[in-house]
Every structure is written in C-alpha cells, then in structure tokens.
Amino acid sequence: MDEKELRRYSRVVVDGVEQAPSRAMLRAVGFSEADFERPQIGIASTWSMVTPCNMHIGGLADVAAKAADEAGAKGVVFNTISVSDGISMGTPGMRYSLVSREIIADSIEAVTGAEGFDGIVAIGGCDKNMPACVMAMARLNRPSVFVYGGTIKPGAKRRDIVSVFEAVGAASSGKISDEELLEVEQTAIPGPGACGGMYTANTMASAIEALGMSLANSSAQEAVSDHKLEDCRAASAAVMHLIENDIKPLDIMTRPAFENAIAVVIALGGSTNAVLHLIAIAREAGVDLSLDDFTRIGAKTPVLADLRPSGRYLMSELIAIGGIQPLMKRMLDAGLLHGDCLTVTGRTLAENLADVEDYPDGQDIVRDFDHPIKPDSHLAILYGNLAPDGAVAKITGKEGLHFEGTARVFPSEEDALQAILDDKIKAGDVIVVRYEGPKGAPGMREMLSPTSAIMGKGLGSDVALITDGRFSGGSHGFVVGHVSPEAAVGGPIALVEDGDGIVIDAEKKEIRLNVDAETLEKRRQGWKRPPSAVRRGVLAKYRAEVSSASEGAVTIPADWD
C-alpha cells in the first residue's frame with residue numbers, strides 16, 4: 001500500500017506547510033520528526049479510579065502505545081470516561097450508566113475524527129464502555145481492535161460483587177450478622193478487573209471476541225496477568241496489519257458475525273444486557289438485527305457453561321481451562337458458528353480456531369452438547385399484552401419455565417427494594433418496577449439490588465420481577481426486563497395495578513396481564529405520565545433522543561442512514 005494511504009487520515013493533519021501549527025503542537029506532546037511519517041494509532045483508554053474494573057487500564061494503554069511505536073506507527077493515548085455500575089447500583093446515579101455508553105462512543109468518535117488517527121486500539125473494562133468502544137469503531141470504520149481489560153481475581157471464599165449484594169438481603173432477614181456482612185464486604189473485591197462471573201463485562205468481552213473485533217482469548221484473561229499485557233502488545237501490531245491491508249470494522253461486523261456473537265453469549269449463559277448492546281452495535285454498523293434474531297438463534301443454541309450468577313463457576317476458573325476458544329471450536333464443529341467471518345487477525349474465525357485444543361478431561365465448567373445446562377437459550381424474548389414490542393427474560397430453567405402470580409406495583413427501584421427488605425413481599429408476588437425505562441428513569445437503571453435482595457431472602461424460586469428497566473449481568477431468578485413500550489410512553493406496564501394476575505411463560509415466549517382489553521382502555525384514559533425532576537443536562541438530552549429498549553436504546557435517528 002502507498003505510504004500516504006497508510007496515513008489516510010493523519011496526513012491531512014500533519015502534511016504540508018500549512019500544517020506546521022499542528023506539527024508544532026504535536027512536537028510538544030512527544031512527536032519526533034520521524035513520527036510525522038508514520039500512521040497514527042489512537043489508544044482509547046477508559047482508565048479511571050472510579051472503579052476497580054478500570055483502575056489498571058492506564059498501564060495497559062501505555063503498553064499498547066509502546067507496541068504501536070514498535071510496530072512502525074505512532075501511538076497516541078487519549079482518555080474517555082467510565083462510570084461504575086456496581087458503585088451506583090440502587091441509587092439515582094445508576095441513571096447515568098447506560099447514558100455513559102453513548103457519551104463514551106461519542107467521545108471516541110470525536111477525538112479520533114478531530115485528531116486524524118489512522119487506526120484505533122480501544123481498551124475497555126466495564127459494562128458500558130466496552131460496547132461503546134465498538135459502537136465508535138463501527139461509526140468511524142477505521143482499522144481497529146478492541147482489548148478487554150480483563151476479569152478480576154476471585155475474592156476470599158470465591159466471592160465476587162454479587163456475593164455482597166446477596167449478603168445484604170441475607171443480613172436483612174437475619175441469616176447472617178452485621179459482622180459477617182462486613183467480612184463479605186471487605187474481602188469480595190481484591191483488586192483490579194471486571195466483576196468475576198459471566199456478568200455483563202465478561203459477557204460483552206466474549207461477544208466482542210466472537211464478533212471478530214478482539215484477538216483470541218482477549219475475553220478470557222485476568223486483568224493482572226502477563227497474558228493481558230501481551231494482548232495489548234499484540235493488539236497494536238494487529239491494527240498496523242489491518243491498516244496495511246485496509247481491513248476495517250465494517251468488513252468484520254457483518255450479520256453472520258453478529259449471529260456468532262449471539263450464539264456464544266447464549267452458550268455462556270450471558271447477560272441480558274448483551275441483547276441491548278448487540279442491537280445497538282449493529283445499528284451503528286448498519287446491520288439489521290432485532291429481538292427475533294435472539295429467539296431464532298436461541299432455538300438451536302444450548303447453554304453449556306456453568307457460570308455465575310446462576311451457575312457455580314467464576315470467569316477465572318473458565319480461564320484456567322482455556323477460556324472461550326475451545327467452546328467456540330466445539331460450536332464451530334457443531335455448525336453453530338459461521339467460520340468464514342473475517343476477524344481482526346486478518347484471518348477467518350475458522351482459521352483462528354483451527355489449532356485450538358479442547359478443554360482438559362474431567363472439567364465440568366463447560367458441558368458437552370449431549371448434556372447441556374439448558375437445551376436452548378436462557379435469553380427468552382417474550383411478547384404479549386404486557387409487552388407488545390417485546391421483553392427480555394433471563395431464565396436458565398433452574399427457576400422453572402412458567403410463573404403465574406399477583407402484581408405488586410412500584411414506581412421505582414428504591415420502593416421495590418425497601419418492600420423486599422421490609423419483608424412485604426411474599427411467595428406468588430410478581431414485583432412490577434416501572435418508570436425505569438430508557439426515557440422513564442431516564443437511563444434504564446439495572447435492578448441488581450432488588451434481585452439480589454430477593455435471592456438473599458431465599459425467595460428466588462417464589463417471586464418474579466418484571467421491569468421496563470434492565471438487569472445487571474449478576475441478576476438471576478425469575479426476572480423479565482426491557483419491557484417495551486415502557487411506562488413513560490404509556491406502555492401497558494403503566495396500566496398494571498396491585499392484584500392483577502400476570503403470567504410469564506418462557507416456553508410459549510409470552511408475558512400476559514390477565515386484564516381484559518376494555519378495562520385496560522379505561523385505565524389508559526385515566527393515565528398521566530408522572531412528572532420528572534429531570535429538566536436539563538445529559539439525562540434530559542438522552543430522554544429526548546433515546547429509542548426503546550427493543551431497538552437498543554440508541555440515540556441515533558431512525559433514518560440515520
């Protein structure tokens with residue numbers, strides 16, 4: 001490739017007499033004379049000290065930048081934000097979590113577009129900054145590789161963040177003492193890295209690897225490890241290879257690649273947030289992906305990995321037996337993956353997996369196809385008069401496949417949580433948490449606090465929870481989220497009253513309110529959207545632009561293309 005083509009974007013910024021001011025500025029940040037003749041690789045770092053998920057990423061970004069220089073490019077580190085779901089969970093601050101996905105994607109696009117980077121290495125380590133990085137890559141369509149910051153090591157007694165949330169419920173019901181709760185709190189999070197089960201971070205890392213946008217096993221490495229440092233080095237070299245061969249994200253993020261990502265998420269028993277994020281990434285990539293694709297792929301894809309939250313094992317324990325690559329090789333051999341999809345290695349998925357060895361004998365973390373945890377997907381897309389545009393349930397089968405109960409309606413997560421902790425919820429209740437959707441919160445808060453309290457109270461098999469909000473990857477139990485249309489736009493969930501009968505049927509893929517249409521219409525005539533205290537700022541802007549959860553809760557116009 002012609003030298004100028006290698007610098008397709010950066011040469012506009014640094015070449016020619018008229019760009020002397022640009023070069024003068026760049027010399028001050030460390031550019032040498034030779035650097036102006038090299039492709040520039042932007043290293044998008046999500047480092048911050050607001051969360052252990054990202055506290056180590058600054059060091060990883062420095063490693064990636066040095067490796068870019070060694071590969072013949074010029075690495076330039078820049079930062080974007082991150083917010084912590086785990087810290088803001090159960091508070092008004094959680095409204096900013098999903099909003100941050102859009103801010104991060106916008107910021108990476110803005111910096112890369114302004115500075116003229118020829119390629120991108122993006123390093124993410126928490127739930128929203130990971131899909132955000134890939135959304136930005138799709139928008140920019142410049143040679144790019146995503147690097148996962150890595151999972152946290154297990155805490156004492158194999159604890160993780162969900163252990164703490166569930167201990168809160170156990171303490172409130174007298175099952176453990178305050179001293180025991182404090183001991184869990186002090187030992188569950190031992191250092192850097194993303195939450196340790198198959199929660200949203202590890203789910204999205206796996207999905208992005210299956211999508212072809214990260215290198216082999218990037219999703220299955222501990223945050224503090226030599227493997228993760230090598231992953232960063234290899235990513236920068238890979239971007240240089242992509243620049244030289246003009247391979248761009250939209251060459252990789254095809255519809256078959258998204259189908260691969262969905263299948264791997266299902267096999268791993270991954271988070272419901274993957275539905276939201278994969279649809280959002282697909283929208284940015286111009287790929288038509290919908291809720292019904294999850295149903296179609298889920299009908300033939302079993303759940304094979306016995307991972308938390310509903311299973312027994314942590315991500316570190318999956319890493320110890322080989323990560324997700326052997327699982328993907330098994331799925332490819334079984335015809336569940338498209339092997340001809342291009343990846344950031346410049347090779348196809350099948351070529352990447354050709355020499356991957358199987359899991360060691362005797363392991364029981366990943367099941368065989370003839371002995372699955374569930375023969376089809378745990379991600380059930382439900383429709384019915386309560387969710388005409390769809391809802392997403394995470395039902396592994398351990399909770400049962402059918403729940404029928406009586407509505408207990410709450411206008412916010414806090415109200416529902418307090419009722420659970422005060423022992424006001426009983427077996428047979430269907431907790432309805434509304435006005436927590438993309439527009440209603442605004443920001444579509446996660447419900448880890450109430451779902452964990454339910455489990456901690458020992459009600460996991462006896463109570464269901466439905467919401468127009470969403471769930472943390474750490475949530476488990478009989479839970480249904482993403483109910484669309486949401487309450488804030490007058491969806492049927494806004495019309496539910498205490499005592500109404502609700503049926504959730506994972507086999508029929510149905511969620512039904514046992515109230516006749518005439519009664520619902522009368523309720524609709526009397527419904528008014530509750531006032532919101534949000535009047536300005538980013539939450540107000542998000543509320544004005546955001547689409548429904550069934551469309552990925554994106555803020556790009558429907559006619560963007």
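Under a 3.5 Å cut-off, the side chain of Arg101 and the backbone N or O of Ala132 do not form any donor-acceptor pair. The closest donor-acceptor contact from the side chain of Asn273 to the backbone of Thr200 lies at 3.5 Å or more, if one exists at all.
Under a 4.0 Å N-O distance rule, the pair Lys228/Asp231 qualifies as a salt bridge. Looking at Arg312 and Glu317, no side-chain N of the basic residue comes within less than 4.0 Å of a carboxylate O on the acidic one, giving no salt bridge. Salt bridge annotation for Asp246-Arg8: present, with a cationic side-chain nitrogen under 4.0 angstrom from a carboxylate oxygen. Using a cutoff of 4.0 Å between basic side-chain nitrogens and carboxylate oxygens, Asp358 and Lys329 are not scored as salt-bridged. A salt bridge does not link Glu102 to Arg283: none of the charged side-chain nitrogens sits closer than 4.0 Å to a carboxylate oxygen. One finds a salt bridge joining Arg27 and Glu33 here, because a Lys/Arg side-chain nitrogen approaches an Asp/Glu carboxylate oxygen to under 4.0 Å. Using a 4.0 Å cut-off between charged nitrogen and carboxylate oxygen, Arg95 and Glu446 do not count as a salt-bridge pair.
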Given the rule in the side-chain contact (heavy atoms from CB on, under 4.5 Å) test, do Asp106 and Ile104 qualify, once you have shown the distances and angles that lead to the verdict? CA-CA 5 Å; Asp106 292 350; Ile104 294 162; over 6 Å; no
Go through the steps to decide whether Asp293 and Arg255 satisfy the test salt bridge (charged side-chain N to carboxylate O under 4.0 Å, His left out), and finish with yes or no. CA-CA 10 Å; Asp293 290 307; Arg255 182 177 176 82; 2.4 Å; yes
From CA spacing to verdict: salt bridge (charged side-chain N to carboxylate O under 4.0 Å, His left out), Asp69, Arg38: CA-CA 9 Å; Asp69 295 348; Arg38 298 179 173 188; 5.0 Å; no
Go through the steps to decide whether Arg470 and Ser475 satisfy the test side-chain hydrogen bond (donor to acceptor under 3.5 Å, both in side chains), and finish with yes or no. CA-CA 10 Å; Arg470 58 197 175 91; Ser475 291; over 6 Å; no
Take Thr348 and Thr343, measure what side-chain contact (heavy atoms from CB on, under 4.5 Å) needs, and give me the verdict at the end. CA-CA 6 Å; Thr348 66; Thr343 74; 5.9 Å; no
Set out, in order, the CA-CA distance, both residues' side-chain angles and the distance that settles side-chain hydrogen bond (donor to acceptor under 3.5 Å, both in side chains) for Arg142 and Thr112, then state yes or no. CA-CA 9 Å; Arg142 303 182 189 187; Thr112 301; over 6 Å; no
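No donor-acceptor contact under 3.5 angstrom links the side chains of Glu222 and His227, judged on distance only. Between the side chains of Thr203 and Ser271, no donor-acceptor pair is found at a separation under 3.5 Å. For the residue pair Ser32/Asp35, the side-chain donor-acceptor check at 3.5 Å is satisfied. Using modelled atom types and a 3.5 Å distance limit, the side chains of Asn54 and Ser48 yield no donor-acceptor pair. Side chains of Lys74 and Gln40: a donor-acceptor N/O pair is absent below 3.5 angstrom, by distance only. A side-chain N or O of Tyr199 and one of Asp160 form a donor-acceptor pair less than 3.5 Å apart. Under 3.5 Å, the side chains of Ser290 and Arg296 contain no donor-acceptor pair of N or O atoms.
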Check: residues 204-213 side-chain donor-acceptor pairs under 3.5 Å, at least two apart:
from   : atom 1 : to     : atom 2 : distance (Å)
Ser206 : OG     : Asn202 : O      : 2.9
Glu209 : OE1    : Asn217 : N      : 3.3
Glu209 : OE1    : Ser218 : N      : 3.4
Glu209 : OE1    : Ser219 : N      : 3.1
Glu209 : OE1    : Ser219 : OG     : 2.7
Glu209 : OE2    : Asn217 : N      : 3.0
Glu209 : OE2    : Gln325 : NE2    : 2.7

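Evaluation of the ring pair (Phe, Tyr, Trp, His ring centres under 6.0 Å) rule for Phe36 yields Phe31 as partners, not counting sequence neighbours. Remark: Arg445 engages Glu413, Glu414, Glu436 in a salt bridge (charged side-chain N to carboxylate O under 4.0 Å, His left out) (not counting sequence neighbours).
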